[in-house]
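No hydrogens, no waters, no symmetry mates; every other heavy atom, side chains included, goes into these values.
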Amino acid sequence: MATDNDLMQKIISLCKRRGFVFQSSEIYGGLRSAYDYGPLGVELKRNLMDAWWLDMVRSRENVVGLDASIIMHPRVWEASGHLAGFSDPLVDCKVCKERFRADKAPAAAAGEAVVLTFADKGKAKVALGIVAKQFEVELERRGAQLVGAVAGDRGYVCPVCGSPWLSDERQFNLMFRSSLGPISPMSAIAQALEAGEFAGLGGAELRAKLEAVTKDGAVYLRPETAQAMFVQFLNVQQSMSMKVPFGIAQMGKSFRNEITVEHFIFRSCEFEQMEMEFFCEPGTDDEWMEYWCEQRMAWWKRYANDPSKFRLRPHEPDELAHYAKGCFDVEYAYPWGFGELEGIANRTDYDLKKHALHSGAKIEYFDPQQQKKFVPYVIEPAAGATRGVLVYLLDAYHEETVDGAKGPETRVVMRFHPTLAPIKVAVMPLVKKDGMTEKARAVVEAFLRRGINASYDEQHAIGRRYRRHDEIGTPWCLTIDGQTMEDGSITVRDRDTMEQRRISIDAAVDEIQELLARA
RNA sequence: GCGGGAAUAACUCAGUUGGUAGAGUGUCAGCUUCCCAAGCUGAAAGUCGCGGGUUCAAAUCCCGUUUCCCGCUCCA
């Protein structure tokens, strides 16, 4: 079995080799944290998202779908708090180069003596030089520490080395910004420059002025799909006569300008979400929270080989978002440890009330039975679709030792649930003669006509073809052999057990469809 | 963002002191083959991540840069 250390490497390598996931713009050197889903990857991702849609929308009377635009009115993000909350003031330490959040830095009153601490004497010596040269302050070095510094009027120091020499606070907005309309913000800046509007400005003042000049037409790519479901709450509820409790679901791309990206497709700036906002009467929210936690856990486990790797973890009070009353994370045991796959949050009436306040729209629900108005509470299961793809790639990967023609060898099998498998069935002639190829192609046609993704394969020896389909997770291989030509029977080989049985060639499509339905 | 490691064929990797770019696997074509990466013959495939520098000569040495991995940090 692959160890945790090299499992990711093997997955990444297999993904590229077999057409699941490629690095974006690879021939140009690659783009940071952007990935393209290849022919098999797009099938896997689509199958996963289709399964979610089927479970969350199509099989529930009280949940309907939505597909909203990615660019929304900028005031949506003011109301949601993303424009303010997303922008954490960040500061760079000019001594150790650390970048940190101003609001999380250790406090130090102006004039207070501070000690700079480094990992070792060498680093302390370098820092001593920087301070002497750039700030013309002579400090005294004691081992890995520098003494004699005094805190400025910023009220805090660098959390790593303790230095008071810091850059200005800068707003880092985690939303991707663009502009709507043909006028570029650069033109606005150029105009203002020519008009001398920036004369004499510097630091924070300059940045504020730039912000003001470029504000017209500024729009943002959505950092989550959720807001559209709140903004369109009234339209959806009224057009479909939905009665609370009900849900609005949406799948699609979201964008976050993450400071750090990591672990292949786990955290990237462009990602895909599967979110549902479930509107319920205040007071019933705790029950619904429990219901959706149970539903969502069961859904993830349903397609997994190893359900024990999923867990539901309640958020600690101090990690709750400002809007949430309670939150559970569906976590998966990734090779680097447990990490988030889905967040199920009780967002209360925070979002609807905010949008009512900012837009002036009357966002309320009238309950005809109880003859009363209220603002619904919201339970939000928000899953990462692209993270789901990674989870099932990890879950599917198996290596096993089998007897081959040249002794024991390693068989790599992607044990995808048949619902998720990119190719459901491969049809192959045992050898390329006696009319077997024609017969096999006819069987493939029959599958495709039924909407089942089938693949024809005649390349190389039969054993190799089986192994190739093991590696891309094809659940069943159908083989046309000499006996087929005599009695119309065909062999079905199972990916996981490698066992074969004979069925009638005419019943093959029905048989596989039945297996898929039962899976 | 910080620290460490890496980048050579589609994949996994060799490449000696600086001296004509290599292997295995895979891919493709053909032969053979009635069931688990069999065999034989042949072929294609590399801006050595990118850009500079040193040198008669750079995959190799130096500088910069991009991307990935690991560990921190961050993740309203």
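A gap of 16 Å separates the P atoms of B/G39 and B/U33, to the nearest Å. Taking atom C1' on both nucleotides, B/G46 is separated from B/U20 by 15 Å, rounded to a whole Å. Nucleotides B/U60 and B/C36, compared at atom C1', are 44 Å apart to the nearest Å. Using P as the reference atom, B/G53 and B/A43 are 39 Å apart when rounded to the nearest Å. B/U47 and B/U41 have their P atoms separated by 29 Å, with the value rounded to a whole Å.
As rounded to whole Å, 18 Å separates atom P of B/C50 from atom CG of A/Leu31. Nucleotide B/C36 holds its C1' atom 18 Å from the CZ atom of A/Arg501, rounded to whole Å. Spacing between atom CZ of A/Arg465 and atom P of B/C36 amounts to 12 Å, rounded to whole angstrom units. Spacing between atom CD1 of A/Ile265 and atom P of B/C69 amounts to 11 Å, rounded to whole angstrom units. Atom CG in A/Asn257 sits about 11 Å away from atom P in B/G1, given to the nearest Å. One interatomic measurement links the two molecules: CE of A/Met8 to P of B/G5, which rounds to 22 Å at whole-angstrom precision. Following rounding to the nearest Å, A/Met498 (CE) and B/C35 (C1') show an atom-to-atom distance of 10 Å. Rounded to whole angstrom, the span from the CE atom of A/Met428 across to the P atom of B/A37 amounts to 13 Å.
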Checklist line | Intermediate values then yes/no, side chain to side chain donor-acceptor pair (under 3.5 Å), A/Glu275 and A/Thr225 | finding: CA-CA 7 Å; A/Glu275 294 193 299; A/Thr225 60; 2.4 Å; yes
Next item on the list: Check step by step if side chain to side chain donor-acceptor pair (under 3.5 Å) holds for A/Ser254 and A/Gln273.
Entry: CA-CA 7 Å; A/Ser254 292; A/Gln273 291 188 296; 2.7 Å; yes
Item checked: side chain to side chain donor-acceptor pair (under 3.5 Å) between A/Asp481 and A/Thr479, worked out -> CA-CA 6 Å; A/Asp481 58 13; A/Thr479 305; over 6 Å; no
Margin query: For A/Glu399 and A/Thr410: C-alpha separation, side-chain torsions, deciding distance, then whether side chain to side chain donor-acceptor pair (under 3.5 Å) applies.
Written below: CA-CA 6 Å; A/Glu399 285 178 9; A/Thr410 302; 5.6 Å; no
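Contact check, A/Arg464 against B/U33: no side-chain N or O comes under 4.0 Å of OP1 or OP2. A sub-4.0 Å separation between OP1 or OP2 of B/A10 and a side-chain N or O of A/Lys16 is absent. For A/Arg17 and B/U25, the shortest distance from a side-chain N or O to OP1 or OP2 is not below 4.0 Å. For A/Arg18 and B/C11, the shortest distance from a side-chain N or O to OP1 or OP2 is not below 4.0 Å. The side chain of A/His460 places an N or O atom within less than 4.0 Å of a non-bridging phosphate oxygen (OP1 or OP2) of B/U27. Contact annotation: A/Ser80 does not reach the phosphate of B/A76 (side-chain N/O to OP1 or OP2, under 4.0 Å).
Here A/Gln23 lies in heavy-atom contact (under 4.0 Å) with sugar-phosphate atoms only. Across all strands shown, A/Arg493 has heavy atoms under 4.0 Å from base atoms, whether or not it also approaches the sugar-phosphate. Across all strands shown, A/Phe264 has heavy atoms under 4.0 Å from sugar-phosphate atoms exclusively, and none from any base. Using a 4.0 Å heavy-atom cutoff across all strands shown, A/Met436 reaches at least one base atom of the nucleic acid. Counting any heavy atom pair closer than 4.0 Å across all strands shown, A/Glu224 reaches a base atom. Among the atoms of the strands shown, base atoms are found under 4.0 Å from some heavy atom of A/Ile27. Across all strands shown, A/Gly482 has heavy atoms under 4.0 Å from base atoms, whether or not it also approaches the sugar-phosphate. Counting any heavy atom pair closer than 4.0 Å across all strands shown, A/Thr479 reaches a base atom.
Between A/Gly30 and A/Arg387, the residue whose closest nucleotide on RNA chain B is further toward the 5' end is A/Gly30. A residue-by-residue look at A/Val412 and A/Arg32 shows that A/Val412 has its nearest nucleotide of RNA chain B further toward the 5' end.
For A/Asp470 and A/Arg493, the salt-bridge test passes: some basic side-chain N is under 4.0 Å from an acidic carboxylate O.
If you check distances only, the side chain of A/Tyr28 never reaches the base of B/C50 with a donor-acceptor pair under 3.5 Å. Donor-acceptor pairing under 3.5 Å, judged by distance alone, is absent between the side chain of A/Gln9 and the base of B/C69.
Using N1 to N3 plus N6-O4 or O6-N4 for Watson-Crick, or N1-O2 and O6-N3 for G-U wobble, each under 3.5 Å, B/A23 pairs with B/U12. When both distances must be under 3.5 Å, the Watson-Crick or G-U wobble mate of B/C2 is B/G71. Look at B/A7: its Watson-Crick or wobble partner, with both distances under 3.5 angstrom, is B/U66. Both distances falling under 3.5 Å, in either a Watson-Crick or a G-U wobble arrangement, occur for no nucleotide opposite B/U33. With both pairing distances under 3.5 Å, B/G42 is matched to B/C28 as a Watson-Crick or G-U wobble pair. The base-pairing partner of B/C61, taking Watson-Crick or G-U wobble contacts with both distances under 3.5 Å, is B/G53.
Among the nucleotides B/A76, B/C34, B/A37, the one closest to the side chain of A/Arg256 is B/A76. Distance from the side chain of A/Glu262 is smallest for B/U73 among the nucleotides B/U73, B/G71, B/C28. Residue A/Asp481 has its side chain nearest to B/C34 when only B/C69, B/C34, B/C36 are considered. Listed candidates were B/C34, B/C35, B/A37. Nearest to the side chain of A/Asp434 is B/C34. Candidate nucleotides B/C36, B/U33, B/A76 were compared by shortest atom distance to the side chain of A/Lys433, and B/U33 ranks first.
With hydrogens and angles left out, the side-chain atoms of A/Ser268 and A/Arg256 include no donor and acceptor closer than 3.5 Å.
A 4.5 Å side-chain heavy-atom check between A/Ser455 and A/Val444 finds every atom pair outside the cut-off.
Classification of the A/His263-A/Trp336 ring pair by plane angle, with boundaries at 30° and 60°, yields parallel.
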